[in-house]
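To start, the structure under review is shown below, and the notes come after it.
In each ligand, atom 1 is the first atom listed, and ligand 1 is the first ligand listed.
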Amino acid sequence: MNATKRIVLIGPPGCGKGTQAKRIEEATGMVQLSTGDMLRAAVAAGSPIGLKAKAVMEAGQLVSDDLIIGMVADRIKQPDCAKGFILDGFPRSIPQAEALARMLAENQQPMNGAIEIRVPDQFIVERITGRYTCAKCGAGYHDKFQKPKQDGVCDKCGASEFSRRKDDNEETVRTRLGAYHDVTAPIVGFYEKGGILKVVDGTQAIDDVTKSIMGVLGSL
Ligand code: ADP
Ligand code: AMP
């Protein structure tokens, strides 16, 4: 497979973007670019971006387009992105999608595909409230759908400490879902008009979603 592809994963919080982006990264060498992860790192470091984003993220609202667009513009200039990348959690609004298109056009690097991981709202609260990650290596788990092989031990690195995101509670999930439908979902139409939209059924088991996405990637 040509590894210099650039793709966007679209879908509501908890649809499986991060889970699948990590698997695509491992399988292809394309780089996962998660704006949520970048912001959480900025919050943890107490950087100016983190100080601006912290309260907005905890409330489940969207961080301003200007801040996010600047952060992504810097990131995609990094040399590792020449291997191709998987955008996870960006763009999340029409202005972000338009800004991304301009950035890529300037570098003469078109977007190859936008993959919508479609999951209806009724699945989302259970997906999000059961989510946790390894505190050491960041591997993702779920209380019901993705348990470690040995209880309490990370499959990837053997650590035994895990963490849950502060915004992964039922009330905040509802705000995040509202933001998804009001502000983010229109980007599905944006990429459909651009002729690069593909849809996969995100209610399948995790391995089957991966197979569907790898099939789409092979066709791009
Ligand atoms: P996103 O990055 O889109 O917010 P995640 O990839 O973190 O979502 O997935 C949210 C939670 O749901 C995680 O705990 C993950 O293990 C679990 N999950 C992901 N995909 C599936 C799936 N297809 N079926 C069941 N659970 C899933
Ligand atoms: P995520 O890890 O993708 O679930 O993102 C966590 C939170 O970070 C979101 O609820 C937003 O507050 C913020 N965030 C992440 N990506 C973006 C983005 N592209 N635009 C605006 N806010 C974002």
Please determine if Gly89 has a nitrogen or oxygen closer than 3.5 Å to a nitrogen or oxygen of ligand 2. yes
Closer than 4.0 angstrom: is that true for some heavy atom of Gly202 and an atom of ligand 1? yes
For ligand 1, which atoms, with element, lie under 4.0 Å from some heavy atom of Gly18? 1 (P), 2 (O), 6 (O)
Among all protein non-hydrogen atoms, which one is nearest to atom 4 (O) of ligand 2, and what is the separation to 0.1 Å? Arg165 NH2, 2.9 Å
Can an N or O of Thr35 be found at a distance shorter than 3.5 Å from an N or O of ligand 2? yes
Among Leu62, Leu39, Ile49, find the one that has a side-chain contact (heavy atoms from CB on, under 4.5 Å) with Ile68. Leu39
Side chain to side chain donor-acceptor pair (under 3.5 Å) between Asp201 and Thr203, worked out: CA-CA 6 Å; Asp201 174 6; Thr203 68; 2.7 Å; yes
Among non-hydrogen protein atoms, atom 16 (O) of ligand 1 lies closest to Gln146 OE1, 2.7 Å
Among all protein heavy atoms, pick out the one at the shortest distance from atom 21 (C) of ligand 1; state its residue, atom name and that distance to 0.1 Å. Ile206 CG1, 3.3 Å
Atom 14 (N) of ligand 2 sits nearest the protein heavy atom Leu39 CD1, 3.4 Å
Donor-acceptor contact present, side-chain Arg127 to main-chain Gly14, <3.5 Å: yes
For ligand 1, is there an N or O atom under 3.5 Å from any N or O atom of Phe145? no
May I ask you to identify the nearest protein heavy atom to atom 14 (O) of ligand 1, giving residue, atom name and distance to one decimal place in Å? Tyr141 O, 2.8 Å
Ile128 N/O to ligand 1 N/O under 3.5 Å: no
What I want to find out is whether Arg23 reaches Asp207 closely enough, with some N-O distance under 4.0 Å, to be called a salt bridge. yes
In terms of atom number and element, which parts of ligand 1 are under 4.0 angstrom from non-hydrogen atoms of Thr19? 5 (P), 6 (O), 9 (O), 15 (C), 19 (C)
Is there any N or O on Arg40 that sits under 3.5 Å from an N or O of ligand 2? yes
Minimum side-chain heavy-atom gap Leu33-Met38 below 4.5 Å: yes
Closest to atom 5 (O) of ligand 2 (judged by heavy-atom distance), picking from Arg92, Lys17, Arg131: Arg92
Just let me know how Ile68 lines up against ligand 2, side chain, backbone, both or neither, with a heavy-atom cut-off below 4.0 Å. side chain
Please list, in number order, the atoms of ligand 2 under 4.0 Å from a heavy atom of Arg176. 4 (O)
Return a yes/no value for Asp37: is any of its N or O atoms, backbone included, closer than 3.5 angstrom to an N or O of ligand 2? no
Do Ile115 and Val200 touch side chain to side chain, with heavy atoms closer than 4.5 Å? yes
Inspect the contact between Lys136 and Glu161 and indicate whether a charged nitrogen and a carboxylate oxygen are less than 4.0 angstrom apart. no
Side chains of Lys5 and Met30: closer than 4.5 Å at any heavy-atom pair? yes
Is the shortest N/O to N/O distance between Asp88 and ligand 1 below 3.5 Å? no
Are Ile206 and Ile117 joined in one hydrophobic group, where the rule is that I, L, V, M, F, W and Y side chains link up if heavy atoms are under 4.5 Å apart? no
Any idea which of Lys17, Glu126, Arg164 brings a heavy atom closest to atom 3 (O) of ligand 1? Lys17
Which of the atoms of ligand 2 are close to Gln96, meaning less than 4.0 Å from one of its heavy atoms? 18 (C), 19 (N), 20 (N), 21 (C)
Give a yes/no on ligand 1: does Gly14 have at least one heavy atom closer than 4.0 angstrom to it? yes
Does the N or O separation between Gly16 and ligand 1 drop below 3.5 Å for any pair? yes
Using distance alone, decide if ligand 1 has a nitrogen or oxygen within less than 3.5 Å of any nitrogen or oxygen in Gln20. no
Would you mind checking if Arg75 and Asp80 are paired as a salt bridge, meaning a charged N to carboxylate O distance below 4.0 Å? yes
When you check the gap from the basic side-chain N to the acidic O, do Lys22 and Glu26 get nearer than 4.0 Å? no
Closest protein heavy atom to atom 7 (C) of ligand 2, given as residue, atom name and distance to 0.1 Å: Met57 CE, 3.9 Å
Strictly below 4.0 Å, N to O, side chains only: are Asp168 and Arg131 in salt-bridge contact? yes
When you check the side-chain N and O atoms of Asp167 and Thr172, is any donor under 3.5 Å from an acceptor? no
Examine the side chains of Thr210 and Gln20 and answer whether a donor and an acceptor come within less than 3.5 Å of each other. yes
Close-contact set for ligand 1 against Gln204 heavy atoms, below 4.0 Å: 22 (C), 23 (N), 24 (N)
I need the nearest protein heavy-atom contact for atom 12 (O) of ligand 2: residue, atom name and distance, please. Gln61 O, 2.5 Å
Quick check: does Val63 get an N/O under 3.5 Å from an N/O on ligand 2? yes
Report the member of His142, Arg127, Arg131 with the shortest heavy-atom distance to atom 7 (O) of ligand 1. Arg131
Lys/Arg-Asp/Glu bridge criterion (N-O < 4.0 Å) met for Arg102, Glu106: no
Please give me the minimum heavy-atom distance between Ala114 and Ile10, naming the atom from each residue. CB-CD1, 4.1 Å
Do the side chain of Asp155 and the main chain of Lys149 share a donor and acceptor less than 3.5 angstrom apart? yes
Any nitrogen or oxygen of Tyr132 lying under 3.5 Å from a nitrogen or oxygen in ligand 1? Just yes or no. no
